[in-house]
Protein chains: 2
Amino acid sequence: MEEPKLQLIIDEYLPLRDVVFNTLRQGILKGELKPGERLMEIHLANRLGVSRTPIREAIRMLELEGLVTMIPRKGAEVARISKLDLRDVLEVRRSLDSLAVSLACERITEEEKQMLSKTEEDFEKAVTTRDATTIAEADVKFHDVILKASKNGRLVQMVNNLAERVYRYRLEYIKDSRNHQRLIEEHRKIMEYIGAGDAENARNAIETHIDNQEKNIISQLEL
Amino acid sequence: MEEPKLQLIIDEYLPLRDVVFNTLRQGILKGELKPGERLMEIHLANRLGVSRTPIREAIRMLELEGLVTMIPRKGAEVARISKLDLRDVLEVRRSLDSLAVSLACERITEEEKQMLSKTEEDFEKAVTTRDATTIAEADVKFHDVILKASKNGRLVQMVNNLAERVYRYRLEYIKDSRNHQRLIEEHRKIMEYIGAGDAENARNAIETHIDNQEKNIISQLEL
DNA sequence: ATAAAGCACATTGTATACAATAATATTATC
DNA sequence: GATAATATTATTGTATACAATGTGCTTTAT
């Protein structure tokens with residue numbers, strides 16, 4: 001009987017519920033806790049060395065976050081993702097990323113432009129390593145700069161939450177080296193349009209970017 | 001010392017945490033619990049006749065929902081909403097409502113078209129009552145039909161969550177009878193464009209609709 | 001041998017008890 | 001009288017205890 005090794009993510013003086021929340025969240029995103037897997041309170045409490053109270057509160061949060069599904073009188077399980085869910089998520093994400101880019105065109109500062117340029121270079125370097133996790137992280141950073149440049153905190157939070165849900169699938173997408181060159185080109189275009197303050201073209205570029213992701217992820221699911 | 005009368009919203013066999021969640025949520029949305037007001041666990045537990053456990057779990061959910069803010073080692077308070085927050089929320093909502101309308105144009109069924117027409121008539125009737133709550137409810141129903149017609153569950157959930165945050169302010173907007181005729185006209189236009197499957201114009205119409213709300217709400221805050 | 005009844009167990013839901021901490025009031029000392 | 005030290009209290013954070021309920025297994029009766 002092999003147990004996925006949940007590593008407690010300890011941050012001194014963060015309430016245990018948040019520690020547990022982060023731990024379970026990571027476990028789900030990394031795939032250590034698989035969709036459909038039951039999350040039993042006592043079991044988790046023992047494994048993480050805490051009582052049921054913080055576990056329960058963390059589960060409440062994960063539930064609202066959409067990463068966990070409650071089954072009445074049965075308990076929690078890791079949310080299953082259907083093809084329809086994924087379509088819904090990507091549809092919304094496309095729209096919000098598009099908004100973010102267009103806001104960024106208006107609101108980006110000079111410093112942020114330089115930052116964007118730097119993260120884009122980092123991304124190109126990351127691609128040469130051929131390590132999926134490294135590339136994924138560089139990609140996240142690039143998009144993060146754009147998001148933050150939108151100066152809309154709510155938007156940042158919502159897009160991150162959506163991105164979270166497709167993280168596992170995007171990782172597969174990024175592993176496929178056939179996509180690398182296109183990713184770089186798309187990033188460059190997006191960056192240039194933002195730099196020029198050309199919202200119209202920047203929107204189109206990011207929408208294409210997301211569409212390509214979507215096609216790829218959906219074709220994965222069809223296997 | 002006058003206490004706002006939180007009415008427990010009892011739904012047989014719903015866990016207490018959800019009952020408490022709904023109760024507090026309504027209290028906040030209706031303004032019985034005011035922004036900045038502290039939510040103390042024992043206090044609430046006594047008033048609602050339950051223990052601290054369900055109260056705490058409800059607070060965790062309200063926190064993720066954004067209706068409550070946690071202050072470290074101090075507890076929860078009803079979320080304060082700043083002008084900037086409001087701008088952020090409306091900016092995102094505008095974009096998502098626009099998406100919903102355009103999806104609805106593609107995916108709406110005949111039944112839903114009739115439903116939309118009916119809720120629009122209901123809205124016009126509600127306006128004649130001059131009762132803000134009645135009008136607000138009819139307005140919510142109208143928008144709900146459009147949202148559901150988008151056939152995107154995630155989108156429905158996200159827009160509802162955003163709408164929640166501006167509920168109180170929109171109520172003020174709706175109270176002002178000078179806006180009524182324009183609201184009706186906007187609704188009619190939106191409905192017609194959706195009926196005709198004209199996504200382009202439908203988007204513009206709903207964006208104008210939200211923009212008008214935004215202007216009005218922001219001018220309220222400036223008083 | 002099979003089906004039904006009942007019992008034991010596992011698990012969630014709720015309440016309470018205990019610990020830690022921060023804010024406030026009180027007292028003692030200068 | 002003012003200030004610092006201390007005690008008290010209010011409140012959150014965490015653990016445990018108790019209640020209710022559903023599930024699966026065992027036992028018994030037909």
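Note that the structure is a prediction, hence the values are computed from the model and not measured. Here is the naming used below: chain letters follow the sequence lines, and residue numbers restart at 1 for every chain.
Going from atom CD of B:E41 over to atom P of D:dT11 covers 10 Å, rounded to whole Å. Between the CZ atom of B:R38 and the P atom of C:dA23 there is a distance of 10 Å, rounded to whole Å. Put simply, CE on A:M40 is 14 Å from P on D:dT23, counting in whole angstrom units. Spacing between atom CD1 of A:I42 and atom C1' of C:dT12 amounts to 8 Å, rounded to whole angstrom units. Note: CG (A:D18) to P (D:dT12) measures 16 Å, nearest angstrom. If you measure from atom CG of B:L44 to atom P of D:dA10, you get 17 Å, rounded to the nearest angstrom. The separation between B:I71 atom CD1 and C:dA23 atom P is 11 Å, rounded to whole Å. Between B:L16 atom CG and D:dA19 atom P the separation is 16 Å, expressed in whole Å.
Evaluated for a side chain to side chain contact (heavy atoms under 4.5 Å, CB included) with A:L84, the options A:L86, A:I81, A:D88 yield exactly one hit, A:D88. With A:V156 as reference, A:N160 is the one residue of A:N152, A:V159, A:N160 to meet the side chain to side chain contact (heavy atoms under 4.5 Å, CB included) rule.
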Mind running salt bridge (Lys or Arg N to Asp or Glu O under 4.0 Å) on A:D85 and B:R154 for me, showing each step along the way? CA-CA 8 Å; A:D85 288 337; B:R154 179 74 46 193; 5.2 Å; no
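Nearest to the side-chain atoms of A:M70 among the listed nucleotides C:dA15, D:dG13, C:dG13 stands C:dG13.
Under 4.0 angstrom from either OP1 or OP2 of D:dG13 there lies at least one side-chain N or O belonging to A:R17. Not one side-chain nitrogen or oxygen of A:R56 sits closer than 4.0 Å to the OP1 or OP2 atom of C:dT12. Distances shorter than 4.0 Å separate none of the side-chain N or O atoms of B:T53 from OP1 or OP2 on C:dT14.
Of the two residues contacting DNA chain D, namely B:A76 and A:P54, the nearest-nucleotide position lying further toward the 5' end is that of B:A76.
If you check every strand for non-hydrogen atoms under 4.0 Å, A:I55 touches nothing. Across all strands shown, A:L39 has heavy atoms under 4.0 Å from sugar-phosphate atoms exclusively, and none from any base.
Relative ring orientation between A:F142 and A:H187 is described as parallel, the plane-to-plane angle staying below 30° on a 0-90° scale split at 30° and 60°.
A salt bridge links A:K175 with A:E172: the distance from a Lys NZ or Arg NE/NH1/NH2 to an Asp or Glu carboxylate oxygen falls below 4.0 Å.
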